[in-house]
Amino acid sequence: MKKIAIVGGGATGTLLAINLIKHAGKQPLEINLVEKRERLGRGVAYSTVKDFHLLNVPAAKMGAFPDDVEHFHRWLADSHYHYAPNDFAPRRIYGEYLRELFSQTLKNKGANVVVNVLDDEATDVSVDESRAQIALASGAVLYTDKVVLAFGNFPPPHPKSESQSFINAEKYFRNPWRADLTEKIAKTDDVFIIGTGLTFADVVTSLYHNRHAGKIFGFSTRGLLPAVHRLGYSYPSFSGELKSQTKITDLLKTVRRHIKAADANGSDWRAVIDSLRPQTQEIWQTLPEPEKRYFMQHLSRYWNVARHRLPPETWRILNKLQAANQLQIGRGRLRNIEAGEDGKFTITYSADGVETNFSADAAINCIGSESDFNRVESPLVVNLLGKGLIKTDSLKMGVDAAPDGKTIDKNGMVSDVILTVGTALKGVLWESTAMPEIRAQANKLALSLLNGG
Ligand SMILES: Cc1cc2nc3c(=O)[nH]c(=O)nc-3n(C[C@H](O)[C@H](O)[C@H](O)COP(=O)(O)OP(=O)(O)OC[C@H]3O[C@@H](n4cnc5c(N)ncnc54)[C@H](O)[C@@H]3O)c2cc1C
């Protein structure tokens, strides 16, 4: 019997298990899925219980399967949720969808497939010839032929600051997704938020719905907010023009030309960006490393705000708070976050040669998941790196691996036993975090594992 262990049962690990079960045929198969019970199917992304934390992709495009992207929208209707195809449904409901899909798949599985969900945490992996042994926090040990690391999003790094006094302060929140965040912040608190991306938008909407009265100050290097979605436009693919381009500046010129053409033809720049989506992984893989570095340093922030957009409902809340001057956005270089004895923070940042001080009652870290695995605190990651079974990719954006997810060890050997999927492949594939990429990866990886890959 083939044994496959999946570490992490968020959206990615759960979808991989679903695909393995679906495609197993008559093959004898044992799947061990390691995840905390309450997190199963939800992971970090879909664990929120707040209905105003919305998906950032329209319902009709969030289906769990690459060949049926409308599946989620149909499920909503069948489950008596009333959302139009272009609506942005609550992420809570998406977690419910994945959990139900998993239960349904288990009910329909063949007797040849055994599935164990282990309410546990993997802390270590050893590889012996062509098999692996996984140590679990409970003390149990799993023996398996393959290990798939689907560990997703890690807690963010602390912001760089001269003083580290803020780290243990009562009102510094490293985890912006903690369920009790708004309970811990007084309504009149002035709040400083580091990072102005989608997580920032989540936190601001939470404060808004909690009738927050204090000032909210969002801060990032460029002070860019994610763009808002504008649906209903399309743009033809121009992938042929991009294939031979291996310089970021050439790619940028081509994309800008198409954005102008879209404007002139009554389309929208967002449709141009979306038309690139099927090619982005391929383009990334053909870029020479200095070009990738150039992109990361100079353009990735602009790409992120153009590509990962806000639902209009969320955007309206940010606008309303900005218009009322309750929400302000700053940019520059963060110098210091000093926590005083009174529990208040003094934040110092500089922009255009001017240094500014800001006083806040609470500070929230919305920098985003730690991607440099050398700094990830998970015992499993620390042990895997320590043994040299995995290493970071050269851009320190995730795990070094072949594009199909087979990890590469410290000696450059491609592993047949340890694989990874999802966010950890960001350095290898660049776009590897959202559902459209993840559902395709889960499907492809399942087929490859079942066919001996
Ligand atoms: C707040 C947020 C909102 C998002 N919204 C959207 C959206 O609207 N649309 C979209 O397409 N994408 C969205 N994304 C992107 C998101 O990354 C993917 O959609 C997807 O949810 C990723 O799932 P995942 O399982 O890879 O990661 P995660 O959701 O981070 O889950 C990983 C899981 O692995 C578990 N794990 C890690 N290490 C271990 C271990 N050692 N042992 C056992 N378990 C372990 C964790 O407990 C966790 O539950 C969002 C991401 C975030 C963070």
Side-chain angles (χ1 to χ4, degrees), residues 5-17 32-48 50 53-59 61-64 69 72 88-95 97-99 117-125 134-138 142 147-156 175-178 195 197-203 205-206 226 229 277 304 307-311 314 366-371 373 376-384 398 420-426 431-442:
I6 305 170
V7 174
T12 306
T14 301
L15 266 187
L16 176 61
N32 287 296
L33 179 57
V34 188
E35 176 62 278
K36 296 262 170 5
R37 193 172 303 282
E38 75 279 6
R39 279 277 175 108
L40 188 71
R42 300 186 180 121
V44 174
Y46 309 117
S47 281
T48 175
K50 311 252 165 67
H53 286 160
L54 303 176
L55 292 169
N56 56 24
V57 177
K61 293 186 179 169
M62 278 296 283
V69 300
F72 172 57
F88 296 85
R91 296 208 301 270
R92 175 189 67 76
I93 297 181
Y94 196 74
Y97 163 64
L98 292 178
R99 280 168 81 97
V117 179
L118 303 145
D119 182 9
D120 217 321
E121 181 190 345
T123 53
D124 200 1
V125 174
I134 305 175
L136 303 177
S138 62
L142 266 178
V147 187
V148 182
L149 305 169
F151 27 39
N153 299 283
F154 294 106
N175 176 5
W177 300 300
R178 55 188 280 180
L198 291 172
T199 306
F200 161 81
D202 259 11
V203 168
T205 47
S206 293
H229 272 288
R277 195 162 187 164
N304 285 339
R307 165 70 185 74
H308 302 283
R309 298 189 287 269
L310 288 173
T314 311
C366 290
I367 290 176
S369 169
E370 174 65 89
S371 59
F373 274 61
V376 167
E377 291 155 19
S378 140
L380 175 63
V381 171
V382 171
N383 286 325
L384 282 165
T420 191
V421 60
T423 308
L425 287 173
K426 209 169 157 191
E431 291 287 357
S432 188
T433 49
M435 284 317 287
E437 288 86 33
I438 281 168
R439 65 182 167 219
Q441 278 181 33

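When a ligand or atom number is given, it counts from 1 through the structure's own listing order.
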Over 12 foreign heavy atoms within 6.0 Å of NZ, Lys50:
yes
Need the ligand 1 atom indices (1-based, order shown) with element for anything under 4.0 Å from a heavy-atom of Gly10.
25 (O), 31 (O), 33 (C)
When you measure from the side chain of Asp120 to the backbone N and O of Ser138, does any donor-acceptor pair fall under 3.5 Å?
yes
Top protein contact for atom 48 (C) of ligand 1, by heavy-atom distance
Glu35 OE2, 3.3 Å
Determine whether the side chain, the backbone, both or neither of Leu380 has a heavy atom under 4.0 Å from any heavy atom of ligand 1.
side chain
Report the part of Ala150 (side chain from C-beta onward, or backbone N, CA, C, O) that has a heavy atom under 4.0 Å from ligand 1; answer both or neither where that applies.
backbone
Which of the numbered atoms in ligand 1 are under 4.0 angstrom from any heavy atom belonging to Met435?
10 (C), 11 (O), 12 (N), 19 (O)
Quick look: Thr48 vs ligand 1, heavy-atom contacts under 4.0 Å, and the answer is neither
Give yes or no for whether the N/O distance cutoff of 3.5 Å, strictly under, is met between Glu121 and ligand 1.
no
Nearest non-hydrogen protein atom to atom 41 (N) of ligand 1, with distance, is Ala122 O, 2.9 Å
What part of Arg39 sits under 4.0 Å from ligand 1 if we count only heavy atoms: the side chain, the backbone, both or neither?
side chain
Is there any N or O on Val7 that sits under 3.5 Å from an N or O of ligand 1?
no
Relative to the ring of Tyr94, is the ring of Phe72 parallel (under 30°), tilted (30 to 60°) or perpendicular (over 60°)?
perpendicular
Step through it carefully: locate the ring centre of Tyr97, locate the ring centre of Tyr46, and say whether they are under 6.0 Å apart.
no
Do ligand 1 and Leu55 have nitrogen or oxygen atoms that lie under 3.5 Å from each other?
no
Quick check: does Tyr46 get an N/O under 3.5 Å from an N/O on ligand 1?
yes
